[in-house]
Amino acid sequence: MIGCLQAHLSVEAINAEGLRGVTATVDVKEGESIALLPTDLIIEMGSERHSSAENAAVLLGRLQKELQWHKGMMPYWTSLPEGNGSIFCRHLFTKQEIALLQSDSMAEEIQGDQEHLHEVYNGRAKWWEHVLGMVPKTNLPRELGPEHNVTLEAFAHTACLVGAYAFACQRGRWPFHYKAVCLLPLMDMLNHRSDGQSNAVVDQNENGTYSCYAKRDIKAGEEVTQTYSPVTARSDHSLLQYGFVEEFEEPLLAAVDSATGFDMEDDTWYGMHQQLIGPEESKRLKGILERLQGSQDEDSNLLEGKPAPSL
Ligand SMILES: C[S@@+](CC[C@H](N)C(=O)[O-])C[C@H]1O[C@@H](n2cnc3c(N)ncnc32)[C@H](O)[C@@H]1O
């Protein structure tokens, strides 16, 4: 499998905590391709409309039915985190962990996702949901169950992998093209850095293959990173979707913790449940911070309860 993949990348631990990522094996110039993924290595699941649980069911269905393919892709499967606890993920949160969120709206969201995961596992989708394409076609029997060698935990783990590793991808050719959810081996080994900090982008070529392009010159040995979805602009959602919060060299205040600003056009996404700040409030808070001098001494004074500088 790896023979078909052309890449100037090496997968390795990239920090002292042992976080795995990819580094460039050669110097790459801005705009050059660092890796090329052929179409036959793209793993298509359901559509973008479908949940991670539904797409996990499609993937497990393919794995059970297409044994040759399953075997051929073994280097990829073994490269993914294996087993319970290897991913910090909403589908696997316990009741105690949900309580730690201290946010009713997020707790509800996660409980809803966990119920949905059980429903997909138990095959409770209505017949008309299948007919209307509201649930993807899977090769699996409607009921997964232990008799198919997929435990609920393994199923939840697969849904977690899909949630954190899959890409939205364009499939087929015009006029029969459509948006799907795909796993892109190796491309999914790139870690996230916020926009402006990342040095690469994963893009689809006209012939359907995927390339990883350098956004600026990259030196051999340097980590190669890309910017994941806009979800990462908010620490709480980044934690829920991907299991991490990006660390910035200069920590930002929680209220304005979006490094890239609010890049979603529809800011209701950020304002759901009316507890979160939108672009206007973010601008106002950033304005205040910019006017504050923010020296170490002033911060210490504030922490000791001494008067804040006047604005
Ligand atoms: C698409 S995978 C990237 C490859 C992954 N590091 C691996 O070793 O399999 C996404 C996962 O990588 C980790 N990750 C990505 N970017 C990160 C970052 N900036 N800080 C910490 N963890 C990160 C998170 O665990 C996330 O769920």
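Side-chain atoms are counted along with the backbone in the values below, which use heavy atoms only and exclude waters and symmetry mates. Source: prediction; values computed, not measured. Throughout, numbering of the chain's residues begins at 1 and tracks the sequence.
Considering all non-hydrogen atoms of both residues, Pro185 and Leu37 come closest at O-CD1, 3.5 Å. Ser33 and Ala35 make their closest contact through OG-O, 3.4 Å (heavy atoms, listed as atom of the first residue, atom of the second, distance). When all heavy atoms of Ala53 and Val120 are compared, the pair lying nearest together is O-CG1, 3.8 Å. Of all the heavy atoms in Leu41 and Met73, the pair that sits closest is CD2-SD, 3.8 Å. For the residue pair Glu48 and Ala168, the shortest heavy atom distance occurs at OE2-CB, 3.2 Å. Among all heavy-atom pairs drawn from Ser52 and His91, the shortest one is CB-NE2, 4.2 Å.
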Run Tyr210 and Cys169 through side chain to side chain contact (heavy atoms under 4.5 Å, CB included) and show every step you take.
CA-CA 10 Å; Tyr210 274 84; Cys169 58; 2.8 Å; yes
Derivation and outcome, side chain to side chain contact (heavy atoms under 4.5 Å, CB included), residues Tyr178 and Glu44
CA-CA 11 Å; Tyr178 56 94; Glu44 181 179 338; 2.9 Å; yes
Decide side-chain hydrogen bond (donor to acceptor under 3.5 Å, both in side chains) for Ser198 and Lys215; before the verdict, give the C-alpha distance in whole Å, the side-chain angles of both, and the deciding distance to 0.1 Å.
CA-CA 8 Å; Ser198 60; Lys215 287 206 290 187; 2.9 Å; yes
For Gln96 and Leu100: C-alpha separation, side-chain torsions, deciding distance, then whether side chain to side chain contact (heavy atoms under 4.5 Å, CB included) applies.
CA-CA 6 Å; Gln96 288 82 352; Leu100 285 177; 5.9 Å; no
Trace of the side chain to side chain contact (heavy atoms under 4.5 Å, CB included) decision for Leu184 with Val202
CA-CA 10 Å; Leu184 306 180; Val202 173; 4.2 Å; yes
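Note on Glu30 versus Arg216: no salt bridge recorded, every NZ/NE/NH1/NH2 to OD/OE distance being 4.0 Å or above.
There is a side-chain donor-acceptor pair under 3.5 Å between Asn205 and Ser211. Under 3.5 Å, the side chains of Tyr242 and Asn191 contain no donor-acceptor pair of N or O atoms. In this structure, a donor-acceptor pair under 3.5 Å is present between the side chains of Glu246 and His192. Ser51 and Glu54 share a side-chain donor-acceptor pair at under 3.5 Å.
Side-chain atoms of Gln197 do not come within 3.5 Å of backbone N or O of Ser194 as any donor-acceptor pair. Proximity of a side-chain donor or acceptor of Tyr121 to a complementary backbone N or O of Glu153 within less than 3.5 Å is not detected. Proximity of a side-chain donor or acceptor of Glu66 to a complementary backbone N or O of Leu63 within less than 3.5 Å is not detected. Remark: the backbone N or O of Ser10 is not paired with any side-chain donor or acceptor of Thr25 at under 3.5 angstrom. The main-chain N or O of Arg90 is found under 3.5 Å from a side-chain atom of Gln114 such that the two form a donor-acceptor pair. Side chain of His50 to main chain of Ser47: a donor-acceptor pair is present (N/O by atom type, distance under 3.5 Å, no hydrogens or angles).
Taking the six-membered ring wherever Trp is involved, the centroid distance between the rings of Phe93 and Phe88 falls below 6.0 Å.
Ring planes of Trp77 and Trp69: perpendicular class, angle over 60° (limits at 30 and 60°). Between Phe244 and Tyr228, the ring-plane angle classifies as perpendicular under the 30° and 60° cut-offs.
Between the CG atom in Leu117 and the SG atom in Cys160 there is a gap of 8.0 Å [rounded to 0.5 Å]. Arg20 contributes atom CZ, which lies 13.0 Å from atom CG of Asn15 (distance to the nearest 0.5 angstrom). Distance CE/Met187 to CG/Asp203: 10.0 Å, rounded to 0.5 Å. Taking OH of Tyr165 as the start and CG of Leu183 as the end, the distance is 10.5 Å to the nearest 0.5 Å.
In this structure the side chain of Asn199 never reaches within 4.5 angstrom of the side chain of Asp217, judged on heavy atoms. Contact check for Leu59 versus Leu161: no side-chain heavy atoms found under the 4.5 Å cut-off. Inter-residue side-chain proximity for Val11 and Met189 is flagged as met; some heavy-atom pair is nearer than 4.5 Å. You'll find the side chain of Met106 stays beyond 4.5 Å of the side chain of Ile98, heavy atoms only.
A side-chain hydrogen bond (donor to acceptor under 3.5 Å, both in side chains) with Thr23 holds for exactly one of Glu223, Glu222, Glu12, Lys219; it is Glu12. Test Leu190, Leu9, Val22 against Ile34 for side-chain contact (heavy atoms from CB on, under 4.5 Å) and you get one pass: Leu9.
Atom NE2 of His118 is surrounded by 12 or fewer heavy atoms from other residues, nucleotides or ligands within 6.0 Å.
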